[in-house]
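Take a look at the structure set out below.
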Amino acid sequence: MERHLRPSETPPPAVALAWGLMPPRRRGRPPRHSLDEVIAAAVALADEDGLVGVSMPRLARRLGMTQNALYRYVTSKDDLLVLMGDAASPAIPDLDSAAGWQANARTWTRASLARYVTHPWLLDLRMQPPSTPNALLWLEAFLDGVADADLGPNRGIQCALLLDGYARSTAALSRDVTSREP
């Protein structure tokens with residue numbers, strides 16, 4: 001059974017924020033930072049100490065504001081994590097349709113692996129269907145890159161999930177092996 005979004009339904013707050021659909025909050029002082037600055041500071045915390053290092057109080061201190069002031073930007077830490085995951089995946093791999101679908105699949109998978117190696121905390125985020133701008137751009141790049149394989153949209157998405165899972169697993173194994181003492 002297929003479910004379609006009705007006009008009266010709204011996307012989750014993190015998705016609405018990622019797409020710029022959430023209206024600015026009007027209560028309290030005007031914001032000192034942009035949403036992008038808040039997300040960048042959270043990504044920097046995660047890069048330094050992993051997801052355990054990202055807390056609303058710690059992020060607020062880094063930005064020179066109160067914890068309550070953070071809620072002018074994001075509605076919850078879960079929403080912040082979704083936005084961080086999207087922000088940590090900006091560089092869409094450059095795929096060449098002339099190279100063929102196998103080469104493009106390899107390039108896309110290597111770029112996915114590099115993303116997880118650069119930001120290992122991405123491995124600790126809960127997996128969810130792509131719904132944010134960069135996540136959809138990555139999926140679109142993959143589907144365009146393997147179009148000559150004639151997979152169709154469903155199988156193309158399944159292949160993207162399979163290869164992303166491979167990249168995640170490889171990065172997780174590498175992280176686990178290198179984090180242990182010899």
Side-chain angles (χ1 to χ4, degrees), residues 11-22 24-25 31-95 106-142 145 160-182:
V15 174
L17 280 170
W19 287 98
L21 301 174
M22 198 115 169
R25 300 206 174 192
R32 288 179 23 199
H33 300 281
S34 69
L35 178 60
D36 289 339
E37 290 171 333
V38 171
I39 295 167
V43 167
L45 280 174
D47 285 343
E48 292 167 13
D49 299 320
L51 282 185
V52 296
V54 179
S55 69
M56 297 303 261
R58 189 165 177 218
L59 178 58
R61 279 192 304 275
R62 177 167 280 208
L63 292 167
M65 64 173 70
T66 66
Q67 181 179 342
N68 285 340
L70 274 177
Y71 294 103
R72 291 185 188 136
Y73 302 93
V74 294
T75 56
S76 68
K77 182 177 177 185
D78 288 339
D79 290 346
L80 177 65
L81 294 176
V82 169
L83 296 168
M84 289 169 58
D86 192 57
S89 304
I92 288 74
D94 187 24
L95 305 179
R106 276 191 300 274
T107 300
W108 188 87
T109 305
R110 286 183 185 125
S112 293
L113 178 58
R115 178 177 50 161
Y116 294 124
V117 169
T118 302
H119 303 289
W121 53 268
L122 284 170
L123 299 167
D124 301 323
L125 290 178
R126 190 179 82 227
M127 289 191 64
Q128 57 189 22
S131 58
T132 55
N134 286 329
L136 288 171
L137 286 171
W138 272 76
L139 179 58
E140 183 181 30
F142 179 81
L161 291 173
L162 176 72
L163 294 175
D164 184 66
Y166 168 78
R168 287 178 70 91
S169 297
T170 302
L173 180 62
S174 176
R175 177 181 69 174
D176 291 348
V177 167
T178 59
S179 68
R180 295 192 178 147
E181 291 184 33

Determine which pairs satisfy salt bridge (Lys or Arg N to Asp or Glu O under 4.0 Å) with at least one residue from [range], sequence neighbours left out, and list them in order.
range: residues 127-137; result: none
range: residues 74-92; result: none
range: residues 106-132; result: Arg115-Asp164, Asp124-Arg175

### Query
With Asp36, which residues qualify under salt bridge (Lys or Arg N to Asp or Glu O under 4.0 Å), at least two apart?
none

### Message
The criterion is salt bridge (Lys or Arg N to Asp or Glu O under 4.0 Å); which residues satisfy it with Arg58, sequence neighbours excluded?
### Response
Asp49

#### Entry: Shortest non-hydrogen contact from Met84 toward Leu51
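Heavy atoms only, the tightest pair is CE-CD2, 4.2 Å.
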
### Summary
Smallest heavy-atom separation, Trp138 atom then Ser89 atom, equals NE1-O, 2.8 Å

### Task
List in chain and number order the residues that pass ring-ring contact (aromatic ring centres under 6.0 Å, His included) with His119, two or more places apart in sequence or in another chain; answer none if no residue qualifies.
Trp121

Partners of [X] by side chain to side chain contact (heavy atoms under 4.5 Å, CB included), sequence neighbours excluded?
X: Leu161; result: Ile157
X: Thr118; result: none
X: Pro129; result: none

### Task
Kindly write out the residues that satisfy side chain to side chain donor-acceptor pair (under 3.5 Å) with Glu37, not counting sequence neighbours, or none if the list is empty.
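In terms of side chain to side chain donor-acceptor pair (under 3.5 Å), with neighbours along the sequence ignored, Glu37 is linked to His33.
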
### Message
Do Arg32 and Leu63 have side chains that approach each other closer than 4.5 Å (heavy atoms only, starting at C-beta)?
### Response
no

For residues 12-20, dump all side-chain donor-acceptor pairs below 3.5 Å to protein atoms at least two apart in sequence or in another chain.
| residue | atom | partner | partner atom | Å |
| --- | --- | --- | --- | --- |
| Trp19 | NE1 | Ser131 | O | 2.7 |

